[in-house]
There are 2 protein chains.
Amino acid sequence: MKESVMSYTPKRTVKGDVITMAHGSGGKAMRDLIEDVVLGAFYNPELAQLEDQARIDLAELVAQGNRLAMTTDSYVVDPIEFPGGDIGTLAVNGTVNDIAMSGAKPLYLSCGLIIEEGLEIDTLRRILLNMRKAADQAGVQIVTGDTKVVNRGKADKLFINTTGVGVIPEGADISASRAQPGDKVIVNGYVGDHGAVILNARGDLMLEVELETDCQPLNGLVECMREVCPDIHCLRDASRGGVATVLNEFAESSGVAIRLQEADIPVRNEVRGVCEILGLDPLHFANEGKLVAIVPADKAGTVVEAMRQHPAGQGSAIIGEVESGPAGRVTLQTGLGGGRILDMLIGEQLPRIC
Amino acid sequence: MKESVMSYTPKRTVKGDVITMAHGSGGKAMRDLIEDVVLGAFYNPELAQLEDQARIDLAELVAQGNRLAMTTDSYVVDPIEFPGGDIGTLAVNGTVNDIAMSGAKPLYLSCGLIIEEGLEIDTLRRILLNMRKAADQAGVQIVTGDTKVVNRGKADKLFINTTGVGVIPEGADISASRAQPGDKVIVNGYVGDHGAVILNARGDLMLEVELETDCQPLNGLVECMREVCPDIHCLRDASRGGVATVLNEFAESSGVAIRLQEADIPVRNEVRGVCEILGLDPLHFANEGKLVAIVPADKAGTVVEAMRQHPAGQGSAIIGEVESGPAGRVTLQTGLGGGRILDMLIGEQLPRIC
């Protein structure tokens with residue numbers, strides 16, 4: 001893919017410094033924007049045809065598995081650039097991860113841009129180049145796209161939708177409804193980083209913390225996990241709503257209870273600090289590179305060991321286990337032997353986190 | 001699919017009349033919104049699992065063709081409801097049509113909602129139900145989705161992204177680059193209706209015209225066309241930028257010229273009226289149920305005849321032909337024997353038309 005980047009040298013046809021309504025009208029100005037800025041970042045032979053739809057060889061897909069996974073996410077994060085990432089890296093990794101959580105190999109993404117009139121073209125170039133980097137890192141291609149521009153004040157700088165498809169290998173049977181009593185709960189590292197970074201980046205907290213988003217692709221990590229444990233029961237990335245919400249969904253869908261050991265959950269001191277100031281729980285904070293897995297107890301040690309060998313899983317840990325009931329209940333066992341019920345996120349704690 | 005609708009009776013769990021930030025936070029309020037309003041409209045067994053990704057049997061896809069078509073579009077039309085349709089019907093038909101223009105059978109859609117805080121929940125219900133109706137009419141299923149809410153003033157009521165996949169049957173080789181000298185240019189009826197309706201619905205024109213959007217699915221019509229002419233050369237729906245922009249894209253990609261006969265292009269008097277007032281060209285007006293086809297000359301009559309038998313093609317007509325050059329030029333032959341060059345849309349003539 002690096003060669004194909006080299007083979008496309010976009011003409012700098014876009015004039016001016018900011019996006020205008022003309023860039024969204026379907027005419028010449030839009031075509032210039034697409035050929036210069038969008039293809040300049042995303043170039044690959046499929047996209048370069050500028051057809052209204054990408055065409056993907058089905059035989060190649062079938063060679064990799066028996067089911068197509070398809071997922072969509074719109075990204076509206078505020079601010080659009082923040083320590084360690086931006087809305088573009090988020091839009092690629094978030095959708096790659098949603099695909100990967102079915103055990104699938106993510107392959108192709110679409111990219112739908114809604115741009116507010118007045119966005120700086122340099123900002124757009126920077127974000128799209130970061131999307132391309134993230135796509136290369138995750139091993140996916142952006143094969144089809146769409147660009148809309150809305151008047152100033154009718155959107156907030158930039159919203160991005162990515163929709164992804166991938167192929168699920170035969171034998172993968174991962175579902176929120178498969179948690180069984182005795183199973184172990186695993187996370188792949190520190191929880192809550194992304195949520196804390198975004199809250200801090202908005203400037204309301206005025207904290208001097210050295211935090212970066214955990215935004216990263218998880219498909220490679222999931223492949224490692226499946227190699228040592230093909231029968232992963234449940235798998236979800238803990239984005240909006242955090243680890244607590246994912247576990248509540250598992251407990252509800254599977255009709256089981258889940259008990260976490262608070263002391264075993266990796267949380268950075270900086271994140272804990274942000275949480276204490278705001279009276280929030282890091283288990284409700286969004287992550288963009290963290291997964292929650294439920295696996296059979298006899299495989300849990302092996303899975304964690306394999307995960308720790310992968311760059312995206314160095315901080316992996318077993319944080320709890322599945323119990324027979326009460327169905328749908330998630331409990332946090334605290335240090336002093338007590339426990340408290342850990343509910344789904346209710347209300348509007350963290351708007352526009354992703 | 002009608003049976004499955006009957007089998008789901010959503011609990012009316014959503015409280016209040018309007019969307020609040022809590023409906024987008026990934027927690028309980030969002031889950032209520034999805035189970036009540038979204039599943040209430042879109043219910044099908046795949047979506048009802050509420051997994052983060054849909055899973056589609058690849059064997060079923062391979063049985064229908066050899067390539068997957070994938071396309072994406074974000075819809076930002078203003079106003080969101082207008083005579084003959086709304087942003088939801090547009091979001092389904094627009095993406096269905098982009099898939100169909102490759103000759104593919106559209107099968108599955110994703111739906112990404114970006115909702116502005118304060119949108120009436122009844123409006124959202126109405127629009128999603130219309131999306132369901134449009135999906136049923138086009139024979140596609142909405143299998144995965146995402147919902148985001150942004151603060152008041154940070155979006156404009158509702159934006160919808162739909163991404164579609166379909167299967168291209170073996171033998172279809174439709175491309176913007178295949179127009180050949182001698183080929184005929186066909187449209188399936190009156191052009192410019194959608195653009196005129198939206199301009200009028202914004203209330204700036206104060207015209208008393210009886211116009212409705214032409215928004216409709218075109219996949220059935222394309223199937224009819226392919227039955228009598230498997231070798232369609234070029235096919236595109238004339239949405240943003242209108243018929244003129246599509247023809248300029250064909251002429252440029254194929255390195256040919258195209259000459260249209262103005263007298264043969266079907267335009268309603270009401271649309272002509274709107275255009276005359278504004279000094280605009282109906283060939284630059286957006287359509288949401290109109291395609292432009294380029295077919296071999298010896299098949300053109302048969303194709304038009306077949307199209308006229310289909311509800312979406314009753315007004316079909318041959319409107320011009322392909323010439324060897326100058327490459328990229330589109331000319332409109334006027335009644336008096338003169339001709340004028342018909343360029344792509346330049347500038348911001350019709351913002352937020354789709």
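Each chain gets a letter, A, B and so on, in the order the sequences are listed, and its residues count up from 1.
- Of all residues in residues 238-248 of chain B, those placing a non-hydrogen atom less than 4.5 angstrom from a non-hydrogen atom of chain A are B:Arg240, B:Gly241, B:Thr245.
- Here A:Ser175 is the residue among A:Gly166, A:Cys111, A:Ser175, A:Ser177 with the most heavy-atom pairs under 4.5 Å with chain B.
- The side-chain heavy atoms of B:Phe159 and A:Asn161, taken from C-beta on, include no pair separated by under 4.5 Å.
- For the set B:Val143, B:Asp98, B:Val62, B:Thr20, the count of heavy-atom pairs under 4.5 angstrom toward chain A peaks at B:Asp98.
- You'll find the side chain of A:Arg31 reaches within 4.5 Å of the side chain of B:Glu252, heavy atoms only.
- Interface remark: A:Ile353 contributes no atoms to any contact with chain B (heavy atom separation under 4.5 Å).
- The main-chain N or O of A:Ile99 is never found under 3.5 Å from a side-chain atom of B:Gln53 such that the two would form a donor-acceptor pair.
- In terms of heavy-atom pairs under 4.5 Å with chain A, the best-connected choice from B:Gly164, B:Ala155, B:Ser253, B:Ala286 is B:Ala155.
- When all heavy atoms of B:Gly112 and A:Thr72 are compared, the pair lying nearest together is N-CG2, 4.5 Å.
- The closest side-chain heavy-atom distance from B:Val76 to A:Ile114 is below 4.5 Å.
- When each of A:Thr163, A:Leu113, A:Thr147 is checked for heavy-atom pairs under 4.5 Å with chain B, A:Thr163 comes out on top.
- When the candidates B:Asp237, B:Ile174, B:Val149 are compared by the number of heavy-atom contacts under 4.5 Å with chain A, B:Ile174 comes out ahead.
- Taking 4.5 Å as the limit, some side-chain heavy atom of B:Cys354 sits within range of a side-chain heavy atom of A:Lys148.
- Between B:Ile56 and the options A:Leu68, A:Val165, A:Ile168, a side-chain contact (heavy atoms from CB on, under 4.5 Å) holds for only A:Leu68.
- Contact annotation for A:Leu235: neither backbone nor side-chain heavy atoms come within less than 4.5 Å of a heavy atom of chain B.
- Contact tally against chain A (heavy-atom pairs below 4.5 Å) for B:Ala69, B:Ala104, B:Gly65: the top residue is B:Ala69.
- Here B:Met70 contributes atom CE and A:Met70 contributes atom CE; the two are 6.5 Å apart, rounded to the nearest 0.5 Å.
- How far OG of B:Ser102 is from CD of A:Glu51: 9.0 Å, rounded to the nearest 0.5 Å.
- In B:Arg178, the CZ atom is crowded: over 12 heavy atoms of neighbouring residues, nucleotides or ligands sit closer than 6.0 Å.
- By the 4.5 Å heavy-atom criterion applied to side chains, B:Asn151 and A:Asp78 are not counted as neighbours.
- Contact of A:Asn66 with chain B is made through the backbone alone, with heavy-atom distances under 4.5 Å.
- Minimum interatomic distance between B:Met344 and A:Lys28 (heavy atoms only, all atoms of both residues): CE-N, 4.3 Å.
- Atom NZ of B:Lys157 and atom NZ of A:Lys154 lie 6.0 Å apart (nearest 0.5 Å).
- Here OG1 of A:Thr71 is found 6.0 Å from CG of B:Asp52. Values are rounded to the nearest 0.5 Å.
- Of the listed residues B:Thr144, B:Asp57, B:Leu58, the one with more heavy-atom pairs under 4.5 angstrom with chain A than any other is B:Leu58.
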